[in-house]
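Counting begins at 1 with the first residue of the sequence.
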Amino acid sequence: METHIGSVDGAAAAADNGAVGCPASAVGCPMTSARPAPVSAGEASLGRHLARRLVQVGVSDVFAVPGDFNLTLLDHLIAEPGLRLVGCCNELNAGYAADGYARARGVGACAVTFTVGGLSVLNAIAGAYSENLPVICIAGGPNSNDYGTNRILHHTIGLPDFSQELRCFQTVTCHQAVVTNLEDAHEQIDTAIATALRESKPVYLSISCNLPGLPHPTFSRDPVPFFLAPRLSNKMGLEAAVEATVEFLNKAVKPVLVGGPKLRVAKAGKAFVDLVDASGYAYAVMPSAKGLVPETHPHFIGTYWGAVSTAFCAEIVESADAYLFAGPIFNDYSSVGYSFLLKKDKAIIVQPERVIVGNGPAFGCVMMKEFLSELAKRVNKNTTAYENYKRIFVPEGQPLESEPNEPLRVNVLFKHVQKMLNSDSAVIAETGDSWFNCQKLKLPEGCGYEFQMQYGSIGWSVGALLGYAQGAKDKRVIACIGDGSFQVTAQDVSTMIRCAQNSIIFLINNGGYTIEVEIHDGPYNVIKNWNYTGLVDAIHNGEGKCWTSKVKCEEELTEAIGMALGEKDCLCFIEVIAHKDDTSKELLEWGSRVSAANSRPPNPQ
């Protein structure tokens with residue numbers, strides 16, 4: 001029996017092969033739903049049912065930390081063909097890894113123990129929620145017989161109420177299920193997974209520790225074909241939205257397009273590019289949408305990020321008489337402290353299920369992908385904004401040439417990172433100055449790019465790198481991580497080595513929390529310096545393949561990059577020594593504006 005589990009409004013290529021959750025810009029999707037192996041009577045248990053469901057939706061790796069409440073469940077996950085258990089050093093990194101894996105594969109999963117594990121992974125799940133990523137968080141729960149009793153269990157805060165973990169997850173997941181009996185376990189599991197895919201948000205699934213090995217008739221046959229029907233637009237609403245937008249855009253002199261991060265959840269990357277082709281408009285991306293649409297298109301003008309935009313991009317966007325934003329998130333960070341020079345009456349805001357034209361009207365139940373596709377058929381071609389951009393554009397200069405053995409500058413580092421990128425690469429940028437330096441990288445066709453802008457949790461990139469590299473084995477991932485962030489989550493470099501990953505990590509050692517220095521400086525932004533290469537060598541401990549280097553000048557950097565590119569099956573860790581005040585000009589500008597926004601006095605009462 002063929003079983004398909006499809007994501008809502010999946011890309012065309014995904015719909016053809018049952019694929020789930022493809023990245024918005026993907027031509028095809030590396031993940032397809034799998035035909036389940038025949039289920040024998042001995043395998044008809046709750047644990048194996050959950051494991052099969054994970055494999056069916058495209059999860060090949062579950063990131064886990066064992067604890068006594070989830071040990072039996074982990075046995076059943078391990079026993080499932082096609083499912084690998086990746087043991088992490090802590091729950092926070094397991095959650096970050098599931099986040100990174102979901103970015104690469106469309107869905108991710110982690111498994112932790114009751115409360116002590118659940119509350120540890122909570123921060124990572126909150127980040128996945130903010131970034132619209134379907135992550136299935138599985139927690140081993142208490143024995144089903146203990147619910148409703150007055151017993152006090154370990155791993156709790158000492159009260160006979162076992163709902164603390166559940167209540168914490170209710171605010172950062174779109175669905176929660178606590179499985180304490182076999183009768184409806186199959187329905188609870190299927191509903192949770194389906195909801196994660198449909199909403200593109202994390203879900204919480206607690207499994208009582210005495211249930212995973214128990215059989216039940218609902219688990220004994222091949223799963224019923226399970227398909228998530230795509231959401232469809234209200235046809236009248238779609239027609240009205242397209243008609244109003246066409247009228248708005250066709251009367252504009254120099255309209256532009258801007259892609260936002262919700263292109264991913266709407267799976268509308270291709271539809272967005274089709275609209276660019278049909279309209280001839282110049283187009284940009286918001287910083288958190290970098291990598292979701294190609295940067296090699298001739299009408300691409302860069303990143304629109306207000307005062308810290310790519311050169312000449314903000315001037316074209318903000319001077320336009322009409323701008324269509326597809327899937328934007330306008331927050332204090334993306335708007336550079338609310339300093340955008342945009343006017344609501346010139347804007348068309350297209351969200352995954354809603355379109356707002358100027359100051360109104362607004363159209364609900366209109367799917368972004370359908371809307372952009374229909375708009376492309378009817379909008380007039382207008383290349384005025386792009387022609388204006390070409391007239392004013394001046395190519396960016398190159399960093400000053402380094403003197404022999406001159407201390408390495410960060411802009412020189414990123415000049416070399418740029419040369420490393422190709423279609424088989426992916427970039428992960430940690431919260432901090434790497435946000436700004438990596439935004440300036442020009443991504444070749446097919447090059448991946450990820451960072452966590454909405455939540456901005458320092459340390460995210462280490463776990464996310466582990467998960468992304470595990471999910472995108474066709475890519476060599478280059479991660480740019482600051483020293484302060486690395487100190488939060490460094491342990492799971494160990495797991496990367498165990499998994500034989502070949503990522504290249506640039507650890508930028510400048511002695512502190514640089515992004516926070518530029519927002520508000522103080523002695524708390526200075527950190528204890530570590531011997532980072534020595535730490536990674538100690539973690540390596542001669543087991544697996546790992547290579548480290550510490551560089552202080554361009555000559556050493558060039559040599560280290562050459563060696564890293566030659567070591568194609570080895571984790572490479574390059575510690576870059578940089579001056580504490582060596583920051584991008586964009587961070588200086590952004591930091592001062594965010595600081596001003598943070599320090600606004602209270603409104604008069």
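The side-chain hydrogen bond (donor to acceptor under 3.5 Å, both in side chains) analysis of residues 461-472, with sequence neighbours excluded, yields the pairs Asp61-Gln470, Glu430-Ser461, Gln470-Gln501.
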**Request:** Could you walk me through whether Asp492 and Tyr96 pass the side chain to side chain donor-acceptor pair (under 3.5 Å) test, one step at a time?
**Result:** CA-CA 11 Å; Asp492 272 283; Tyr96 285 153; over 6 Å; no
**Asked** Stepwise, does the side chain to side chain donor-acceptor pair (under 3.5 Å) test hold for Ser595 with Asn598?
**Response** CA-CA 5 Å; Ser595 175; Asn598 286 353; over 6 Å; no
**Request:** Would you check, one step at a time, whether the test ring pair (Phe, Tyr, Trp, His ring centres under 6.0 Å) holds for Phe340 with Trp305?
**Result:** CA-CA 8 Å; Phe340 273 176; Trp305 200 353; 9.5 Å; no
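Among residues two or more places apart in sequence or in another chain, the ring pair (Phe, Tyr, Trp, His ring centres under 6.0 Å) test is passed with Tyr129 by none. Partners of Glu318 according to the salt bridge (Lys or Arg N to Asp or Glu O under 4.0 Å) rule, which considers only residues two or more places apart in sequence or in another chain, do not exist here.
Taking the ring centroids of Trp590 and Tyr333, they lie under the 6.0 Å cut-off.
A salt bridge links Glu370 with Lys235: the closest approach of a Lys/Arg side-chain nitrogen to an acidic carboxylate oxygen falls below 4.0 angstrom. Between Glu199 and Arg231 there is a salt bridge, with a side-chain nitrogen of the basic residue lying less than 4.0 Å from a carboxylate oxygen of the acidic one. With respect to the salt-bridge test (charged N to carboxylate O, under 4.0 angstrom), the residues Arg378 and Glu239 qualify. Taking the charged nitrogens against the carboxylate oxygens, Glu374 and Lys377 do have a contact shorter than 4.0 Å, which makes a salt bridge.
Side-chain contact of Asn437 with Ser434: a donor-acceptor pair under 3.5 Å is absent, judged by distance alone. For the 3.5 Å distance criterion, the side chains of Tyr204 and Glu165 qualify, holding a donor opposite an acceptor.
Using a 4.5 Å heavy-atom threshold, the side chains of Ser233 and Met367 count as touching. The shortest side-chain heavy-atom distance between Asp99 and Trp460 falls under the 4.5 Å cut-off.
No side-chain donor-acceptor contact under 3.5 Å links Ser309 to the backbone of Tyr304. Checked by atom type and distance alone, the side chain of Glu295 never pairs as donor or acceptor with a backbone atom of Pro444 at under 3.5 Å.
Distance check, rounded to the nearest 0.5 Å: OG of Ser584 to CD of Glu589 gives 11.0 Å.
Evaluated for a ring-ring contact (aromatic ring centres under 6.0 Å, His included) with Phe300, the options Tyr283, Phe393, Tyr386, Tyr281 yield exactly one hit, Tyr283. For the salt bridge (Lys or Arg N to Asp or Glu O under 4.0 Å) criterion with Glu450, the lone passing option out of Lys290, Arg264, Lys475 is Arg264.
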